[in-house]
Amino acid sequence: MSNLSPYTPDEIIKKSTVSFGAAFDYTIDVWQRMMLFADVRRQRGDQYRAHMSETAPNVLSFPSEFVMDGRDLPRPVNYGLLRIIPPENRPVDPEKRPFVIVDPRAGHGPGIGGFKADSEIGAALEAGHPCYFIGFTPNPEPGQTVEDVIHAEAAFLERVIALHPECEKPAVIGNCQAGWQVLMTAALRPELFGPIIVAGAPLSYWAGWPGKNPMRYAGGLLGGTWMTALTNDLGNGQFDGATLVQNFENLDPANTLWKKSYNLYANIDTEAERYLGFEKYWGGYVLLNDVEMQYIVDELFVGNRLSSAEIVTSDGIRLDFRNIRSPIVVFCSRGDNITPPPQALGWISDLYQSDTEILTHNQTIVYAMHESIGHLGIFVSGAVGRKEHRKFATNIELINLMPAGLYQAVISDKDDSMARADLVNDEYVMAIERRELADVRQIVRNEPESDRRFAAVAHLSDIHVGLYRNFVQPWVRAVVTPQSADVLRRLHPLRISYEHWSSGSLLASAVEGAAAVIREQRMPVASENPFLKAQEDVSRAIVWALDAWRDVRDAAYERYFEWAYSSSLLSALSGLDAYPGKPVRPLPGTAPEHRALVEQELLRLRGEFEQGGLLEAGIRALAYVARSHPRVDERQFNLAVELAPSLAHLSPEAFRDVVRRQSALMKLDADAAIAALPVLLSRAEPAAIRKAAEVISLIGTLDGLSLDERNMNLGKMIDVFHVAAAHAEKTSAAGDESAGS
């Protein structure tokens with residue numbers, strides 16, 4: 001029998017002893033992890049109860065002071081304006097434009113924009129900008145509407161402008177839901193805004209990539225927004241934000257059901273603080289009024305009327321993003337399954353039919369795309385805060401300076417060997433590159449047949465909501481009471497998950513005591529333990545199974561949606577077949593008044609080719625140098641500021657106007673604009689012209705062009721300036737001789 005085994009008896013005993021020891025160590029580790037895990041979850045329950053008992057719960061990690069209460073406005077809202085108090089060792093520059101961060105009210109409480117040091121608020125403070133924050137309380141004011149919130153945000157910006165009368169208009173950051181809210185405010189009151197950054201903000205709600213982004217099908221699968229109306233009525237006129245959060249969690253069942261908890265369990269010795277910090281935000285549910293929520297789903301998510309300029313306020317004002325005069329930065333990510341890039345960028349191809357239209361509307365749009373970060377990571381990730389948000393903040397004046405057109409912000413690692421690397425103040429360098437509308441269309445990949453299906457959903461939704469309001473709503477409202485609505489909210493699964501286990505629960509004190517002892521006598525298992533490796537294999541298998549189930553579910557949702565809303569019956573019922581040749585989505589079009597204004601502006605521009613002086617000539621020259629490769633990075637901007645102190649007498653907005661004017665002349669007729677350079681330079685002193693040529697030469701070598709392209713264009717411009725300087729010297733000398741004689 002001994003010949004049947006490859007091991008000797010001693011080897012068998014040794015291996016058995018090792019296996020027993022590994023199993024014993026693993027068992028001890030599992031027991032300790034379970035107790036520590038249960039204790040962290042107990043702390044989560046305590047934290048949730050304490051957080052929700054606060055008057056204005058938030059997760060801001062920066063000290064602040066109250067500036068303005070939205071409840072005091074003529075149309076009261078549950079929003080407020082806070083001033084972020086900068087650290088004593090890093091005061092802000094009072095002459096820099098202020099930043100205003102607006103957090104989303106999409107189920108969670110406020111503060112995510114300043115959740116940690118490496119955040120949007122942190123980046124603005126580090127760049128030396130005064131910083132403000134617009135937050136909200138959990139309960140809306142009676143009768144509060146989306147329009148009321150828009151007017152409140154405008155009032156808050158008016159206050160910020162009044163507090164900084166010598167500064168340029170505030171730069172405003174809107175996260176997620178706050179992004180479309182900020183843009184609606186800017187369309188209504190464009191004069192209040194400096195550069196606008198919208199991060200992870202859905203703006204074109206029908207857009208998405210086939211095989212991905214299943215959340216956009218929810219309205220169609222539910223038959224429209226009648227269920228939202230029902231939920232509002234069951235909540236006695238209020239919508240529970242926990243329901244929105246549950247929709248987010250359903251997108252990734254592997255994370256919701258396993259990965260988040262397992263990550264805490266597997267890294268219990270190091271993960272508790274980060275886990276509790278995030279759960280404080282994730283469990284801070286807020287409420288919305290029924291009129292707010294119904295407006296959002298009817299007008300935006302199902303109706304998709306925002307990106308086609310179809311929304312008209314109660315005051316009769318059309319909310320058209322083309323009215324916005326400030327640069328708009330759209331920050332999105334390919335890894336975002338809640339606001340994918342097509343939904344963040346689709347409004348551009350919805351509103352504009354050509355690149356010329358963007359120019360004639362004098363609008364500057366810059367988009368930046370992360371390759372992998374998820375939706376919350378856009379606001380929460382420390383890596384994103386240290387990279388993208390820091391670069392946006394430190395280069396906000398460069399962004400503000402960009403002339404009308406479509407661009408992409410590209411952020412790359414700094415190479416110390418690059419020319420003038422000292423002009424970059426951290427480890428990343430940001431460049432802004434010209435793009436065309438075709439580039440956005442390639443990302444959005446809009447399909448007419450897909451739009452037709454969503455249009456059918458919108459039409460049928462209106463029918464279903466009308467039926468519900470006429471035949472069901474009166475009965476529901478008759479039986480719902482404030483008490484029944486409160487019970488339903490308390491019984492929400494997500495709320496129960498936070499409330500069922502805390503220090504007030506049975507056995508909680510025993511777990512707390514055991515965890516305290518374990519932390520003093522912790523015996524973590526070795527990383528090479530075979531049972532620990534088996535545990536990791538099982539975890540990966542669970543994640544794979546849940547991901548596979550999610551993919552099958554999402555594919556089924558998509559196929560059913562396409563099958564149902566492609567049917568002739570639903571097309572006929574929705575009225576889409578009444579006029580077969582009519583587009584399902586009305587193009588926003590251009591008003592005759594706008595065309596007349598553009599023609600008038602072009603006529604005025606044609607008379608300005610010979611107007612200006614050295615500054616205008618220099619801007620035209622730089623535009624000519626970069627014409628074959630329109631790209632500018634922060635080194636060029638910082639060098640221009642360093643080498644051209646004469647610009648100090650111009651405000652950023654005045655300088656921006658000059659740049660945009662000269663860029664428009666170059667686009668209108670570059671040959672005529674360049675031919676007029678000698679006339680412009682004749683108004684300057686020879687020394688100033690030569691100094692300008694030196695500045696242009698230095699800036700031109702940092703533009704990313706190949707040597708041949710750069711030498712050809714740059715050399716031509718330098719020759720023009722030197723010839724003008726020589727001519728000015730001769731003219732000056734001749735004038736001196738004439739005066740002497």
Side-chain angles (χ1 to χ4, degrees), residues 105-107 139-148 177 205-206 214-250 285-306 310-311 314 453-496 557 560-561 563-565 567-578:
R105 184 163 152 254
N139 299 308
E141 291 296 296
Q144 174 180 313
T145 67
V146 171
E147 284 189 25
D148 294 339
Q177 170 268 350
Y205 303 87
W206 293 356
M215 198 173 188
R216 61 189 177 132
Y217 302 123
L221 297 174
L222 295 173
T225 65
W226 69 271
M227 188 168 285
T228 302
L230 172 61
T231 306
N232 288 330
D233 290 335
L234 292 175
N236 195 39
Q238 292 186 323
F239 189 92
D240 189 357
T243 302
L244 292 175
V245 178
Q246 190 170 46
N247 290 336
F248 301 151
E249 293 204 334
N250 290 340
Y285 308 122
V286 300
L287 303 178
L288 293 90
N289 277 340
D290 53 356
V291 290
E292 292 181 285
M293 193 64 207
Q294 200 66 41
Y295 180 99
I296 292 170
V297 294
D298 285 343
E299 299 290 333
L300 309 184
F301 285 90
V302 173
N304 197 32
R305 299 183 180 99
L306 185 59
E310 295 178 77
I311 295 180
S314 58
R453 298 187 191 105
F454 282 103
V457 173
H459 286 292
L460 290 173
S461 176
D462 291 340
I463 295 172
H464 292 160
V465 170
L467 292 171
Y468 169 79
R469 285 178 173 164
N470 281 282
F471 299 106
V472 180
Q473 189 176 68
W475 297 95
V476 176
R477 289 186 172 181
V479 299
V480 170
T481 65
Q483 292 75 21
S484 68
D486 183 64
V487 169
L488 283 178
R489 280 192 286 271
R490 290 180 179 275
L491 292 178
H492 194 285
L494 292 187
R495 293 182 186 275
I496 290 176
Y557 285 171
Y560 177 77
F561 179 89
W563 170 79
Y565 289 97
S567 69
S568 301
L569 176 61
L570 282 183
S571 293
L573 289 174
S574 62
L576 294 178
D577 290 343

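Just so you know, residue 1 is the first one in the sequence shown, and it goes up from there.
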Just verifying a value: how many Å separate [X] [atom1] and [Y] [atom2], rounded to the nearest 0.5 Å?
X	Y	atom1	atom2	answer
Ile296	Phe239	CD1	CZ	9.5 Å
Leu230	Leu234	CG	CG	4.5 Å
Gln144	Glu292	CD	CD	4.5 Å
Gln177	Leu300	CD	CG	9.5 Å
Asp298	Thr228	CG	OG1	7.5 Å
Tyr205	Leu306	OH	CG	5.0 Å

What closest approach, in Å, do [X] and [Y] show between heavy atoms, and which atom pair accounts for it?
X	Y	value
Leu570	Leu460	CD2-CD1, 3.5 Å
Pro474	Phe471	CD-C, 4.4 Å
Arg495	Arg490	CB-O, 4.3 Å

With distance as the sole test, does [X] use its side chain to make a donor-acceptor pair with the main-chain N or O of [Y] at under 3.5 Å?
X	Y	result
Trp206	Val302	yes
His464	Gly224	no
Gln238	Gly235	no
Ser461	Val457	no
Asp240	Ala242	yes
Ser484	Val480	no
Asp148	Thr145	yes
Glu147	Ser314	yes

Does any part of the side chain of [Y], heavy atoms only, come nearer than 4.5 Å to the side chain of [X], both counted from C-beta?
X	Y	value
Tyr468	Met227	no
Pro140	Leu287	yes
Val146	Glu299	no
Gln483	Val487	no
Asn289	Tyr295	no

Please name all residues satisfying side-chain hydrogen bond (donor to acceptor under 3.5 Å, both in side chains) with Tyr217, sequence neighbours left out, ordered by chain then number.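 side-chain hydrogen bond (donor to acceptor under 3.5 Å, both in side chains) check on Tyr217 returns Glu558.
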Taking it one step at a time, do Asp290 and Gln294 satisfy side-chain hydrogen bond (donor to acceptor under 3.5 Å, both in side chains)? CA-CA 6 Å; Asp290 53 356; Gln294 200 66 41; over 6 Å; no
Matching residue for Thr225 among Asp462, Thr231, Val297 - test: side-chain contact (heavy atoms from CB on, under 4.5 Å): Val297
Please say which of Phe561, Tyr565, Phe301 ends up in a ring pair (Phe, Tyr, Trp, His ring centres under 6.0 Å) with Phe454.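 Result: among Phe561, Tyr565, Phe301, Phe561 is the only option passing the ring pair (Phe, Tyr, Trp, His ring centres under 6.0 Å) with Phe454.
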